[in-house]
Amino acid sequence: RGLVLTLATFVFFKALSLMPLAEASAIAFLSPVLVTVLAVPLLGERANTATWIALALGFLGTLLIIRPGTGVFTWNALWPLATAFCFATYQIITRKLAGVDRSVSTLFLSALIGAVILSFVAPFHWTPPRSMADGLLFASLGISGSVSHYFLIRAFALAPAPLLAPYVYAQLIMVTVLGYIVFGDFPDGVS
């Protein structure tokens with residue numbers, strides 16, 4: 001679980017180095033569809049009609065942003081697509097492990113595995129924060145990420161994967177807004 005989450009993070013950062021945040025996120029947000037499809041053979045869970053409708057609407061929103069066949073869908077799009085597969089796998093494993101360990105233990109072990117793996121990479125790529133504000137942003141990112149993953153683990157302990165999968169699409173709106181505010185990126189208009 002920790003390995004797949006670390007890999008998802010790595011390939012998404014690679015995607016962000018090659019394409020705008022909104023487009024990379026839109027492609028990565030194919031993961032809810034993958035979770036729902038994989039939940040049938042791997043978890044024995046099925047989605048109801050409302051879930052499939054929510055997934056279809058989210059997928060249409062994704063297609064509206066990436067528009068396959070346009071300039072956004074290039075070989076670089078394989079990086080966020082790999083993110084989608086990794087994150088879907090992470091969610092399936094999270095659901096499979098629900099109830100096996102306490103949520104805090106699951107969170108800790110995943111973070112520990114990620115920290116060990118990244119300790120081999122970080123010395124070659126790490127740039128220390130340039131200011132106290134940067135350091136605080138890093139710390140807030142770590143705290144918000146930990147809290148978010150804890151809630152995700154709890155959610156998968158309480159509900160089937162196909163029921164939770166469509167909620168990921170709420171992030172697409174926020175990522176688009178943040179991409180515009182922070183980076184000045186916004187998906188171009190439909191022509």
Side-chain angles (χ1 to χ4, degrees), residues 1-18 21 24-48 51-52 54-55 58-59 62 77-126 137-172 174-175 178:
R1 182 178 179 278
L3 176 63
V4 173
L5 182 58
T6 302
L7 186 58
T9 303
F10 172 78
V11 294
F12 190 68
F13 277 112
K14 179 64 176 175
L16 290 178
S17 73
L18 300 169
L21 177 64
S25 296
I27 297 167
F29 283 136
L30 293 172
S31 67
V33 175
L34 296 173
V35 166
T36 305
V37 170
L38 291 173
V40 174
L42 299 176
L43 300 172
E45 299 175 349
R46 300 201 186 288
N48 61 26
T51 298
W52 283 112
L55 287 170
F59 185 69
T62 300
L78 293 177
W79 290 103
L81 187 60
T83 302
F85 277 100
C86 289
F87 194 60
T89 303
Y90 162 79
Q91 291 179 13
I92 293 291
I93 292 170
T94 300
R95 176 66 178 155
K96 193 80 168 167
L97 293 176
V100 174
D101 282 329
R102 291 184 21 218
S103 298
V104 173
S105 299
T106 301
L107 178 67
F108 175 77
L109 290 173
S110 296
L112 179 64
I113 289 170
V116 168
I117 293 168
L118 293 176
S119 68
F120 292 104
V121 178
F124 303 104
H125 300 284
W126 173 254
L137 286 172
F138 276 120
S140 68
L141 182 63
I143 291 168
S144 65
S146 296
V147 170
S148 299
H149 280 282
Y150 175 79
F151 285 137
L152 185 114
I153 292 165
R154 291 297 305 140
F156 277 104
L158 298 171
L163 180 66
L164 297 173
Y167 287 98
V168 171
Y169 285 121
Q171 294 177 4
L172 186 56
M174 195 56 169
V175 166
L178 285 174

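FYI, the numbering just counts along the sequence from 1.
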- [ ] Any side-chain hydrogen bond (donor to acceptor under 3.5 Å, both in side chains) involving residues 79-91? Give me the pairs, sequence neighbours left out, ordered by first then second residue.
- [x] R1-Y90, Y90-H149

Task: Qualifying side-chain hydrogen bond (donor to acceptor under 3.5 Å, both in side chains) pairs with a residue from residues 2-15, counting only residues at least two apart or across chains - done: none

TODO: Just grab all the salt bridge (charged side-chain N to carboxylate O under 4.0 Å, His left out) pairs involving residues 37-48, residues at least two apart or on different chains.
DONE: E45-R95

TODO: State, with a plain yes or no, whether a side-chain heavy atom of L34 is found less than 4.5 Å away from one of F87.
DONE: no

Open item on the list: In the structure I gave you, are the side-chain heavy atoms of I113 and V116 within less than 4.5 Å of one another anywhere?
Closed with: no

Return the [atom1] to [atom2] distance between [X] and [Y], rounded to the nearest 0.5 Å.
| X | Y | atom1 | atom2 | result |
| --- | --- | --- | --- | --- |
| L43 | I93 | CG | CD1 | 10.0 Å |
| S110 | L5 | OG | CG | 6.5 Å |
| C86 | L81 | SG | CG | 10.0 Å |
| I153 | S105 | CD1 | OG | 9.5 Å |
| T106 | F156 | OG1 | CZ | 13.0 Å |

For [X] and [Y], which heavy atoms make the closest approach, and how far apart are they?
| X | Y | result |
| --- | --- | --- |
| S31 | A84 | CB-O, 3.4 Å |
| P32 | A165 | CB-O, 3.2 Å |
| A82 | V11 | C-CG2, 4.1 Å |

Partner residues of [X] under the side chain to side chain contact (heavy atoms under 4.5 Å, CB included) criterion, sequence neighbours left out:
| X | result |
| --- | --- |
| V121 | H125 |
| A159 | L163, L164 |
| P166 | T51, A54, L55 |
| L16 | F12, F13, L21, A24 |

Task: Test ring pair (Phe, Tyr, Trp, His ring centres under 6.0 Å) applied to F138 - qualifying residues, sequence neighbours left out - done: W126

TODO: Applying side-chain hydrogen bond (donor to acceptor under 3.5 Å, both in side chains), name anything that partners D101, two or more places apart in sequence or on another chain.
DONE: none

